[in-house]
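What you see is a predicted model, and the numbers here were worked out from it, not measured in a lab.
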Amino acid sequence: MQHPNEEIELHMANCIDYLAAVVNAQNTADYGQLHAKMLNALNARMDLIYDKIETSPESDQLAAEAVTMLVEQPLSGRIYTRHLPMDYKENSNGITIQGEDFQGKPASIVFLSNNAVQKIKDLTGQGWEKPRCHHDD
């Protein structure tokens with residue numbers, strides 16, 4: 001294959017045209033739904049492929065210097081892709097995203113997993129040993 005990107009683009013164009021005809025996509029919302037279904041199918045297929053070829057155990061941590069975000073416009077259903085430079089770290093405690101604010105100062109957002117929230121509750125004495133309601137049973 002001399003021009004792999006051109007080959008991929010050609011096959012994708014043919015696939016999109018075919019699937020759009022199958023689902024009778026006629027407007028932005030129809031194409032947005034098709035786009036989302038294609039991404040889900042692609043991700044599921046790639047997961048199967050990765051599972052077959054990976055020989056080392058998967059790490060319990062994931063890190064990257066950039067992320068790709070998919071944003072669905074609620075009114076039209078169109079899906080937009082944005083590539084954002086930021087530090088991304090994920091483990092069993094949750095996700096941390098670090099970047100810069102509008103003034104160029106460091107900024108972080110943390111999304112805690114249920115596991116991390118439970119650990120915090122246990123450490124602060126609000127776990128299963130301390131009931132939320134104060135009634136005698």
OG1-CD1 distance between T96 and I109, expressed to the nearest 0.5 angstrom
10.5 Å

Going by the rule side-chain hydrogen bond (donor to acceptor under 3.5 Å, both in side chains), which residues pair with K89 if we only count those two or more places apart in sequence or in a different chain?
none

For E9, give me all partners under side-chain hydrogen bond (donor to acceptor under 3.5 Å, both in side chains), at least two apart in sequence or on another chain.
none

Which other residues belong to the hydrophobic cluster containing L112, where Ile, Leu, Val, Met, Phe, Trp and Tyr are joined when side-chain heavy atoms lie under 4.5 Å apart, directly or via other members?
V110, V117, I120

Linking I/L/V/M/F/W/Y whenever their side-chain heavy atoms sit closer than 4.5 Å, directly or via other members, would M12 and I49 fall into one cluster?
no

Using the side chain to side chain donor-acceptor pair (under 3.5 Å) rule, collect all pairs that involve residues 71-85, keeping only residues at least two apart or in two chains.
T68-H83

Using the side-chain contact (heavy atoms from CB on, under 4.5 Å) criterion, which residues pair with I97? Sequence neighbours excluded.
M86, Y88, I95, F111

Would L42 end up clustered with L48 when hydrophobic side chains under 4.5 Å apart are linked, directly or stepwise?
no

At what distance, to the nearest 0.5 angstrom, does CG of L10 lie from CG of N5?
12.5 Å

For the OG atom of S92 and the CG atom of N114, what is their distance to the nearest 0.5 Å?
12.0 Å

Any link between L62 and L84 through a network of hydrophobic side chains (Ile, Leu, Val, Met, Phe, Trp, Tyr) touching at under 4.5 Å?
yes

Taken to the nearest 0.5 Å, the spacing of M38 CE from C15 SG works out to 4.5 Å

Which residues, ordered by chain and number, are linked to L70 in its hydrophobic cluster, where ILVMFWY side chains connect at heavy-atom gaps below 4.5 Å, directly or through other members?
L39, I79

Sequence neighbours excluded - side chain to side chain donor-acceptor pair (under 3.5 Å) pairs with any residue from residues 20-45:
N24-Q26

Please enumerate all residues that pass side-chain contact (heavy atoms from CB on, under 4.5 Å) together with D87, with sequence neighbours excluded.
E65, Q98

Atom pair OG/CG of S108 and D101 - distance to nearest 0.5 Å
10.5 Å

side-chain contact (heavy atoms from CB on, under 4.5 Å) against D17, all qualifying residues, sequence neighbours excluded
none

Report the residues that fulfil side-chain contact (heavy atoms from CB on, under 4.5 Å) with E6, sequence neighbours left out, ordered by chain and then residue number.
H3

